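Have a look at the structure below, then the notes.
On a predicted model such as this, the values are computed, not experimentally measured, just so you know. Reminder, nothing fancy here: chain letters follow the sequence lines and each chain counts from 1.
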Protein chains: 2
Amino acid sequence: MERRSPAAVKAAVEERPMSRRDVRRLMEQRILHAAAVVFSEAGFDGATTASIADLAELPKANVHYYFGTKEALYKRVLSEILDLWISQMDVFQVENDPAEALAEYIRTKIELSRTYPVESRVFANEVIHGAPYLKRFLRTKLRQRVEEIEGVFAAWADAGQVDKVDAKHLMFTLWAATQTYADFAAQTSAVLGSQQIPDVAADQLTQIVLRGCGVRA
Amino acid sequence: MERRSPAAVKAAVEERPMSRRDVRRLMEQRILHAAAVVFSEAGFDGATTASIADLAELPKANVHYYFGTKEALYKRVLSEILDLWISQMDVFQVENDPAEALAEYIRTKIELSRTYPVESRVFANEVIHGAPYLKRFLRTKLRQRVEEIEGVFAAWADAGQVDKVDAKHLMFTLWAATQTYADFAAQTSAVLGSQQIPDVAADQLTQIVLRGCGVRA
DNA sequence: CCGAAACTTGACCAGTCGGTCAGCTAATTT
DNA sequence: AAATTAGCTGACCGACTGGTCAAGTTTCGG
């Protein structure tokens with residue numbers, strides 16, 4: 001059987017040539033996705049570059065050609081997840097309505113657990129094991145961002161829109177309660193008897209938090 | 001330097017002999033604790049029996065003598081954690097006051113995160129990776145226990161002591177929000193700038209949940 | 001006090017892992 | 001179309017892992 005490069009195969013199937021840049025992006029995406037799946041299932045140490053390569057349907061040497069080391073690949077996976085993660089927090093602005101902001105945050109955060117459970121678990125695994133690669137980020141960027149949000153909640157409280165709350169611990173609660181549907185899916189699905197995250201999850205959490213924080217509608 | 005058995009050393013230090021049974025219990029406890037620490041830091045795959053042995057200050061062969069395989073040792077660590085975990089849920093009884101039960105549950109659960117962070121992380125790690133060894137337990141015992149609690153909340157709601165709530169998702173929220181201080185300690189301590197779990201954590205969570213669920217005092 | 005059973009441990013092994021590399025093909029540039 | 005660059009991959013390697021074992025030592029029932 002004739003050997004053909006992935007680019008050649010792809011070009012033949014789609015009947016148009018692929019540029020080197022396209023092939024590289026395609027391969028990198030394929031490997032990154034396979035890596036996320038394997039890392040989420042086995043953790044950093046348990047994951048093998050061979051199984052990542054298998055899932056991506058590539059020779060192992062190819063994975064190393066694109067990303068060098070397993071550690072570098074892991075870091076790339078993590079940083080892609082981080083981007084998803086931080087951008088969610090933008091709803092907490094003084095000019096926004098606290099009820100709407102909280103409801104929106106909970107809704108999108110649980111939606112993220114629904115859409116990217118694999119990525120969420122890689123992140124959770126990293127943090128559980130002491131965040132060796134994310135410690136710096138957590139102590140600088142994340143901490144700053146949370147302190148800004150603390151200011152937003154203080155302003156809302158001053159305006160009488162919401163009770164005085166400890167914003168840091170509120171964020172911890174929100175992160176935990178929303179991500180549990182992705183990170184601890186084995187637990188929630190075992191209890192619920194279903195893999196699906198029902199809408200009541202977000203609805204009830206929103207209600208509890210809004211009433212619990214005395215948010216004025 | 002003269003070589004002496006652990007039992008002999010211990011007996012010499014405490015100036016009284018140790019029976020075989022005592023030595024065995026002592027060794028098993030030492031290995032189990034070391035294993036919990038190593039498993040929590042590296043996960044099942046990342047943990048090595050050699051590093052467990054090092055932490056327990058024993059030769060590696062000794063670890064295998066007492067527990068056979070790494071998997072058997074892991075299962076023992078898990079089952080010890082489970083015992084801690086389930087017993088907490090006994091506060092949810094119809095005859096108890098919902099406000100007191102919830103406050104007590106949150107308080108003891110966060111206390112557990114403070115006292116046994118290592119064990120909590122081993123459990124979290126297991127669940128994140130799909131609970132290969134706990135799946136059966138989650139689907140039978142835990143699910144049953146949660147369904148009983150569901151009945152308790154229904155009874156409380158009928159008696160007008162609390163709003164109608166989805167008990168399953170409330171439990172998910174409570175588990176997540178309390179364990180986050182142990183499991184994601186790298187995150188919470190990075191944001192708080194301290195390893196300690198402040199009392200406001202339990203206090204605020206209790207307040208939010210009580211008000212959020214419309215618990216009548 | 002003696003023989004059996006339990007405990008201890010250094011040395012060892014087969015298997016697996018991350019990573020390398022030579023030698024090849026395909027795409028791009030000149 | 002030749003030369004150069006990028007992409008591809010089977011075969012290989014040193015390091016490490018879980019687990020074994022033989023040869024000892026210690027404990028303890030009888």
Side-chain angles (χ1 to χ4, degrees), chain A residues 1-14 16-31 34-35 38-39 41-77, chain B residues 1-12 16-31 34-35 38-39 41-77:
Chain A
M1 192 168 138
E2 186 191 5
R3 282 222 139 275
R4 309 181 70 185
S5 75
V9 171
K10 180 79 178 167
V13 168
E14 306 210 348
R16 58 183 162 80
M18 288 190 76
S19 72
R20 281 236 143 104
R21 219 198 316 274
D22 289 343
V23 172
R24 181 164 265 276
R25 193 162 41 214
L26 190 77
M27 290 295 121
E28 286 187 352
Q29 277 313 116
R30 224 207 283 187
I31 295 169
V38 174
F39 282 133
E41 285 171 358
F44 179 78
D45 291 299
T48 66
T49 53
S51 62
I52 292 170
D54 281 354
L55 191 60
E57 295 181 289
L58 288 164
K60 190 182 68 162
N62 213 310
V63 171
H64 286 282
Y65 173 74
Y66 278 106
F67 290 94
T69 67
K70 176 175 157 183
E71 182 177 322
L73 177 53
Y74 180 68
K75 284 183 181 171
R76 275 288 302 273
V77 171
Chain B
M1 194 168 142
E2 186 190 5
R3 281 219 141 278
R4 309 181 70 186
S5 75
V9 171
K10 182 79 177 165
R16 58 185 163 80
M18 287 190 78
S19 72
R20 279 235 144 106
R21 219 198 318 274
D22 288 343
V23 172
R24 175 149 212 124
R25 195 163 40 216
L26 190 77
M27 290 295 120
E28 286 186 352
Q29 277 313 116
R30 223 208 285 187
I31 295 168
V38 174
F39 282 133
E41 285 172 357
F44 179 78
D45 291 297
T48 67
T49 53
S51 61
I52 292 170
D54 281 354
L55 192 60
E57 295 182 288
L58 288 164
K60 190 181 69 162
N62 214 310
V63 170
H64 282 96
Y65 173 74
Y66 277 106
F67 290 93
T69 67
K70 174 175 157 182
E71 182 177 321
L73 177 54
Y74 180 69
K75 284 183 181 171
R76 275 289 301 274
V77 171

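Out of D:dT9, D:dG19, D:dG7, the shortest distance to the side chain of B:T69 is found at D:dG19. The nucleotide whose nearest atom lies closest to any side-chain atom of A:P59 is, among D:dC8, C:dT8, D:dT9, D:dT9. Picking from D:dT9, C:dA6, C:dG18 the nucleotide with the shortest atom distance to the side chain of B:Y65 gives C:dA6. If you check C:dC7, C:dT9, D:dC8 against the side chain of A:Y66, the one that comes closest is D:dC8.
Sequence neighbours left out, not one pair with a member in residues 49-68 of chain B passes ring pair (Phe, Tyr, Trp, His ring centres under 6.0 Å). Note on residues 65-77 of chain A: pairs passing salt bridge (charged side-chain N to carboxylate O under 4.0 Å, His left out), not counting sequence neighbours, are A:E71-A:K75, A:R76-A:E80. The side-chain hydrogen bond (donor to acceptor under 3.5 Å, both in side chains) pairs that include a residue from residues 41-50 of chain B are B:T48-B:S51, where partners are two or more places apart or lie in different chains.
Scanning for ring pair (Phe, Tyr, Trp, His ring centres under 6.0 Å) contacts around A:Y74 gives A:F39, A:F44, A:Y133, with sequence neighbours left out. When the side chain to side chain contact (heavy atoms under 4.5 Å, CB included) test is applied to B:R25, the partners found at least two apart in sequence or on another chain are B:D22.
Comparing B:R24 and B:A61 by the nucleotide of DNA chain C that holds the closest heavy atom to each, the one mapping nearer the 5' end is B:R24.
In this structure, CD1 on A:I52 lies 13.0 Å from CG on A:N62, to the nearest 0.5 angstrom.
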Show the distances under 3.5 angstrom between N or O atoms of the protein and N or O atoms of nucleotides 14-17 of chain D.
none

